[in-house]
Amino acid sequence: MVPAQLVLQSGETFSGFSPNWQQGQSFGEVVFSTGMTGYIESLTDPSYAGQILTFTYPLIGNYGVPKRSTWESGKVQAAGVVTGWVSETPSHWDSECSLTEWLKEHKVPLITGVDTRALTKLLRKKGVALGAICVGEKPKQFSDPNETHLVKKVSLPGKEKFGSGPKKIIAVDCGIKENILRSLTKFPVQVIRVPYDYDYSNEEYDALFISNGPGDPAACQETIAILRKNLKKGKPIMGICLGTQLLALAVGAKTYKLKFGHRGQNHPCMDLERKVAILTSQNHGYAIDEKTLPKDWKVLFRSLNDQSVEGIKHKELPYFAVQFHPESSPGPTDAFYLFEQFYEMLT
């Protein structure tokens, strides 16, 4: 390990250490996640593209990196990793390499030995910030990943088919997690995964799914325009995370950026229809402005931490979406019943 620094655009600096193979400066938006486990699923989640992910739990990497089939995409998506302590000697039957070896393979920078508690308190107070992991000279300028079309970078370019069954679901890939595909195909359906800008208006399908993804939803104008056209068909629609924001924008509502986002596996939400609270896995930096929802839409879920909108539903048509991740991976499976409700809309 060599001395390194995490430098924020706001001026704060956090000292730590980086692996010997790391050089120069690596930029991203510095965010934090409160999960104790699930670092593999989080780091391979395309929603973290462009972000330097801080793990608030002090020990990361103790069970190593498992086989590819448990990842949420084919590579590490985060722009960088910040930890308090990283384990160099993992112990788990399914581990194939250490976290640091894996990050080296994927050329993703790491800084460890950081006071992550102090960093998290700062981000909660001031909001997420642009930053850089530096070995050597500090940066004079910072790069903002949100000024790029992040969804375009993570969405796969072609169509893919998953599962089999009499019903057909078009899944719009804005950075879809693979456990969403696994969850959908637990039911007797065929899922057609299409790119974020693919126009499926002339396709035959039974339902539409809009996936999670990174960045500002307002950047996805192509996706919003296509979705708006297909809303006229009245066919079942489900959205997750970014998909919720895109659905809201398509019906005329507005979104805004949260101060420090919701990232972790322990976020309580209230199901306003069932009148029950559930624990959810979350990873989003934007939310829906409740006051701008059209009159024929209602709030379906609400965060019990800050009362923000966590889900929306049309009052008559079979459209709904949630900000959190009912497929979990990582996190609790309390909300898996939403996939069951979506399937029931098809039958």
Side-chain angles (χ1 to χ4, degrees), residues 151 167-172 174 180 184 189 194 196-213 216-258 262 269-278 280 282 284-304 306-326 335 337-347:
V151 167
K167 299 295 183 178
K168 179 179 176 182
I169 299 173
I170 295 286
V172 181
C174 299
I180 289 177
L184 289 172
V189 298
V194 301
Y196 77 100
D197 58 351
Y198 180 83
D199 192 347
Y200 44 86
S201 302
N202 296 322
E203 302 244 352
E204 290 293 329
Y205 64 88
D206 298 291
L208 187 58
F209 178 86
I210 314 297
S211 86
N212 63 293
D216 187 344
C220 302
Q221 290 302 314
E222 315 97 313
T223 317
I224 295 167
I226 298 166
L227 175 56
R228 187 177 291 126
K229 283 194 298 182
N230 285 269
L231 280 165
K232 299 174 184 177
K233 297 182 178 181
K235 294 184 177 181
I237 298 176
M238 178 181 181
I240 286 178
C241 198
L242 179 71
T244 305
Q245 299 150 22
L246 296 178
L247 182 58
L249 291 171
V251 301
K254 296 181 180 179
T255 58
Y256 64 96
K257 189 168 185 177
L258 293 163
H262 295 176
C269 289
M270 177 63 75
D271 183 329
L272 299 178
E273 284 191 339
R274 299 170 72 220
K275 305 297 182 184
V276 296
I278 59 173
T280 65
Q282 298 198 15
H284 62 97
Y286 289 81
I288 298 167
D289 183 349
E290 182 176 349
K291 295 178 182 178
T292 66
L293 274 177
K295 293 182 180 179
D296 51 353
W297 286 78
K298 65 179 181 179
V299 176
L300 180 60
F301 285 89
R302 191 176 297 283
S303 168
L304 292 175
D306 62 9
Q307 299 301 306
S308 62
V309 175
E310 287 289 347
I312 57 174
K313 183 178 182 179
H314 196 280
K315 292 180 179 178
E316 296 180 1
L317 297 171
Y319 306 155
F320 78 98
V322 291
Q323 288 278 187
F324 51 84
H325 289 267
Y337 66 89
L338 294 173
F339 287 109
E340 296 170 346
Q341 289 182 1
F342 183 47
Y343 176 68
E344 288 171 2
M345 290 178 175
L346 278 69
T347 57

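Heavy-atom basis, side chains included; hydrogens, waters and symmetry copies ignored.
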Above 12 or not: heavy atoms from other molecules or residues under 6.0 Å from CD of Gln307? yes

Determine whether Val251 and Tyr319 satisfy the following criterion, side-chain contact (heavy atoms from CB on, under 4.5 Å), listing intermediate values before the conclusion. CA-CA 11 Å; Val251 301; Tyr319 306 155; over 6 Å; no

Just how far is it from atom CG of Leu246 to atom CD of Gln221, taken to the nearest 0.5 Å? 9.5 Å

Value for CG (Leu227) from CD1 (Ile224), rounded to nearest 0.5 Å, stands at 8.0 Å

Check the surroundings of atom NZ in Lys291: do more than 12 heavy atoms from other residues, nucleotides or ligands lie under 6.0 Å from it? no

Mind checking whether Leu317 and Trp297 have side chains closer than 4.5 Å, heavy atoms only? no

Which label fits Phe209 and Phe342: parallel for a plane angle under 30°, tilted from 30 to 60°, or perpendicular past 60°? tilted

Return the CD1 to OG1 distance between Ile210 and Thr223, rounded to the nearest 0.5 Å. 8.0 Å

Here the gap from Ser308 atom OG to His262 atom NE2, rounded to the nearest 0.5 Å, amounts to 4.0 Å

Can you check whether Asp296 reaches His314 side chain to side chain, under 4.5 Å on heavy atoms? yes

So, taking the atom named CG in Leu300 and the one named OG1 in Thr244, what distance separates them when rounded to the nearest 0.5 Å? 10.0 Å

Looking only at non-hydrogen atoms, find the nearest pair between Arg228 and Ala250 and report the distance. NE-O, 3.1 Å

Between Lys168 and Glu204, is there a donor-acceptor pair closer than 3.5 Å when you use the side chain of the first and the backbone of the second? yes

Over all heavy atoms of both residues, which pair between Leu242 and Cys174 is shortest? Give the atoms and the distance, please. CD2-CB, 3.8 Å

How far apart are the closest heavy atoms of Lys275 and Met270, and which atoms are they? C-SD, 3.9 Å

Of all the heavy-atom pairs spanning Leu247 and Ala321, show the shortest one and how long it is. CD2-CB, 3.9 Å

Contact between Ile278 and Tyr337 at the side-chain level, heavy atoms closer than 4.5 Å - yes or no? yes

Does the side-chain contact (heavy atoms from CB on, under 4.5 Å) test come out yes or no for Leu346 and Ile169, once each step is laid out? CA-CA 9 Å; Leu346 278 69; Ile169 299 173; 3.8 Å; yes

Check whether any side-chain heavy atom of Thr280 lies under 4.5 Å from a side-chain heavy atom of Gln323, and answer yes or no. no

Without swapping roles, check the side chain of Lys313 against the backbone of Phe301 for a donor-acceptor pair under 3.5 Å. no

Ignoring hydrogens and angles, write down the donor-acceptor pairs under 3.5 Å from the side chains of residues 230-240, residues two or more places apart or on other chains.
unit_1, atom_1, unit_2, atom_2, d
Asn230, OD1, Tyr205, OH, 2.8
Asn230, OD1, Lys233, NZ, 3.1
Asn230, ND2, Ser201, OG, 3.1
Asn230, ND2, Ile226, O, 2.8
Lys233, NZ, Ser201, O, 2.5
Lys235, NZ, Tyr205, O, 2.7

Side-chain heavy atoms of Lys257 within contact of Asp216, under 4.5 Å: no

Is a side-chain N or O of Gln245 found less than 3.5 angstrom from the main chain of Tyr286, in a donor-acceptor match? yes

Closest approach of Ala335 to Phe324 (non-hydrogen atoms, all atoms of both residues): CB-CE1, 3.6 Å

By side chain to side chain contact (heavy atoms under 4.5 Å, CB included), which residues pair with Cys241, not counting sequence neighbours? Asn212, His284, His325

Nearest 0.5 angstrom please: Met345 CE to Asp206 CG, how far? 14.0 Å

